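In what follows, a single structure is set out as structure tokens and then discussed.
So that the names make sense, note that chain A is the first sequence line, chain B the second, and so on, each numbered from 1. It should be emphasised that the depicted structure is a prediction, and the values quoted were computed from it without experimental measurement.
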There are 2 protein chains.
Amino acid sequence: MADRPALSRAEMEVARIVWTLREATVRQVLDNLPETRDINYKTVQTFLRRLEAKGYLSSRRDGRSLIYTADARPRQVIRDTVRDFLNRLFNGEPLPLVEHLIRDQGLEKADISQLRALLNEMESQPGSK
Amino acid sequence: MADRPALSRAEMEVARIVWTLREATVRQVLDNLPETRDINYKTVQTFLRRLEAKGYLSSRRDGRSLIYTADARPRQVIRDTVRDFLNRLFNGEPLPLVEHLIRDQGLEKADISQLRALLNEMESQPGSK
DNA sequence: GACAATTGCGTACAGTTGTCCGTTTTGTTA
DNA sequence: TAACAAAACGGACAACTGTACGCAATTGTC
């Protein structure tokens, strides 16, 4: 697990899409960004290039295009990113953020029951770490 | 509610401390940063200066020192920051982040019951938003 | 009052980030 | 096969970030 340089906000946004799709070209990433996100093809291309340089993605050629795939383990990257966010904004404590999400970020009613189920599940199992 | 330039990660870290203390000098912010955070007095000073320039804090003089206080509404700033984070990492959906926090960020057993209580509370009330 | 400590103020600076352009290469199609 | 469209490649660049120094002014201490 090489120690890679940190991801910027925009880089993370792009990397996540590749991870979700499992693999993607510049064009596909562009198409999968939210419509509200106004961004140029070339810009996305730059981010993917940088992500590869930083060791987060690999690329292979397919005809005229490059296909990017995960190199670092996404799960771990997300965990680290969230942890950093937690440290800076919530004193490192997850619960206050959960509370904030529930109270201030419009968690739906349906989500609540799903959450409750998750809590039950957690309780029946010993700390999974 | 002026449209202020976004806060960088480090700026946010510093701003949050001022908000928590309600007001603070450079020295106080420095003292309230986590011990693991190795950072120079002058650097903190720079951040506070920039935060004022960006319209997030005001300062008033008290003898030799400057006391910084909130200018923007912290609640709103945090909400916006979390929302941005959510958009980039979790497709804008709060529930997956909550799940991540519970599963992957070591939520304690005690937290679980507290969370359950919160859920009950939410359910008894109509959407607060 | 002299000296040390503390603070503000101005300044600096390399690295990162977000954004994109111009040129070249490579499949595709008339 | 010549022309076209779509990509890559490589370069650019201003703004922002994180980090901190040096100096002067203020204040506390002996």
Handout entry: Rounded interatomic separation in angstrom, taking CG from Asn40(A) and C1' from dA12(D)
Key = 14 Å

Practice task
Respond yes when some side-chain nitrogen or oxygen of Arg27(A) is under 4.0 Å from OP1 or OP2 of dA7(D), and no when none is.
Solution key: yes

Completion exercise
Note: for Ser65(B) and Glu11(A) on DNA chain C, the residue whose nearest nucleotide lies more 5' is Ser65(B)

Handout entry: Distance below 4.0 Å between Thr43(B) side-chain N/O and dA20(D) OP1 or OP2
Key = yes

Practice task
Take the protein atom CZ of Arg50(A) and the nucleotide atom P of dC20(C), then report the distance between them rounded to whole Å.
Solution key: 12 Å

Fill in the blank from the handout: Tightest non-hydrogen contact, residues Asn87(B) and Gly92(B), listed as OD1-CA, 3.3 Å

Handout entry: Nearest-angstrom distance from the residue atom CZ of Arg9(B) to C1' of dC16(D)
Key = 13 Å

Handout entry: Nearest-angstrom distance from the residue atom CZ of Phe47(A) to P of dT16(C)
Key = 14 Å

Exercise for the section: Rounded off to whole Å, could you give me the CG-to-P distance for the Leu66(A) and dG27(C) pair? Expected result: 11 Å

Problem - Identified side chain to side chain contact (heavy atoms under 4.5 Å, CB included) partner of Leu21(A) from the options Asn32(A), Thr69(A), Val29(A), Asp31(A) - result: Asn32(A)

Practice task
Locate the shortest heavy-atom distance separating Tyr68(A) from Val18(A); write the atom from each residue and the value.
Solution key: O-CG1, 3.5 Å

Practice task
For Arg61(A) and dA6(D), give me the distance from atom CZ to atom C1', rounded to whole Å.
Solution key: 12 Å

Exercise for the section: In plain terms, say whether Arg103(A) and Glu121(B) are close enough for a salt bridge, that is, a side-chain N and a carboxylate O under 4.0 Å apart. Expected result: yes

Exercise for the section: Compare side-chain N and O positions of Thr46(B) against OP1 and OP2 of dG18(D) and report whether any pair is under 4.0 Å apart. Expected result: no

Exercise for the section: Taking only the side-chain nitrogens and oxygens of Lys42(B), find out if one of them lies under 4.0 Å from OP1 or OP2 of dC23(D). Expected result: no

Practice task
Can you figure out which of dT17(C), dC9(C), dC20(C) approaches the side chain of Arg49(B) most closely?
Solution key: dC9(C)

Practice task
Between Ala10(B) and Gln45(A), just flag the one whose closest nucleotide in DNA chain D comes earlier from the 5' side.
Solution key: Gln45(A)

Problem - Whole-Å distance separating the CZ atom of Arg64(B) from the P atom of dT7(C) - result: 6 Å

Exercise for the section: Examine dT19(D): is either OP1 or OP2 under 4.0 Å from a nitrogen or oxygen in the side chain of Arg37(B)? Give yes or no. Expected result: yes

Practice task
Could you state the atom-to-atom distance from CG of Asp38(B) to P of dG18(D) in whole Å?
Solution key: 15 Å

Problem - From Glu108(B) atom CD to Ser113(B) atom OG, the distance as rounded to the nearest 0.5 Å - result: 11.0 Å

Problem - First encountered from the 5' end of DNA chain C, between Leu7(A) and Thr25(B) - result: Thr25(B)

Exercise for the section: Look at the side-chain N and O atoms of Tyr41(A) and state whether any lies under 4.0 Å from the OP1 or OP2 oxygen of dC21(C). Expected result: no

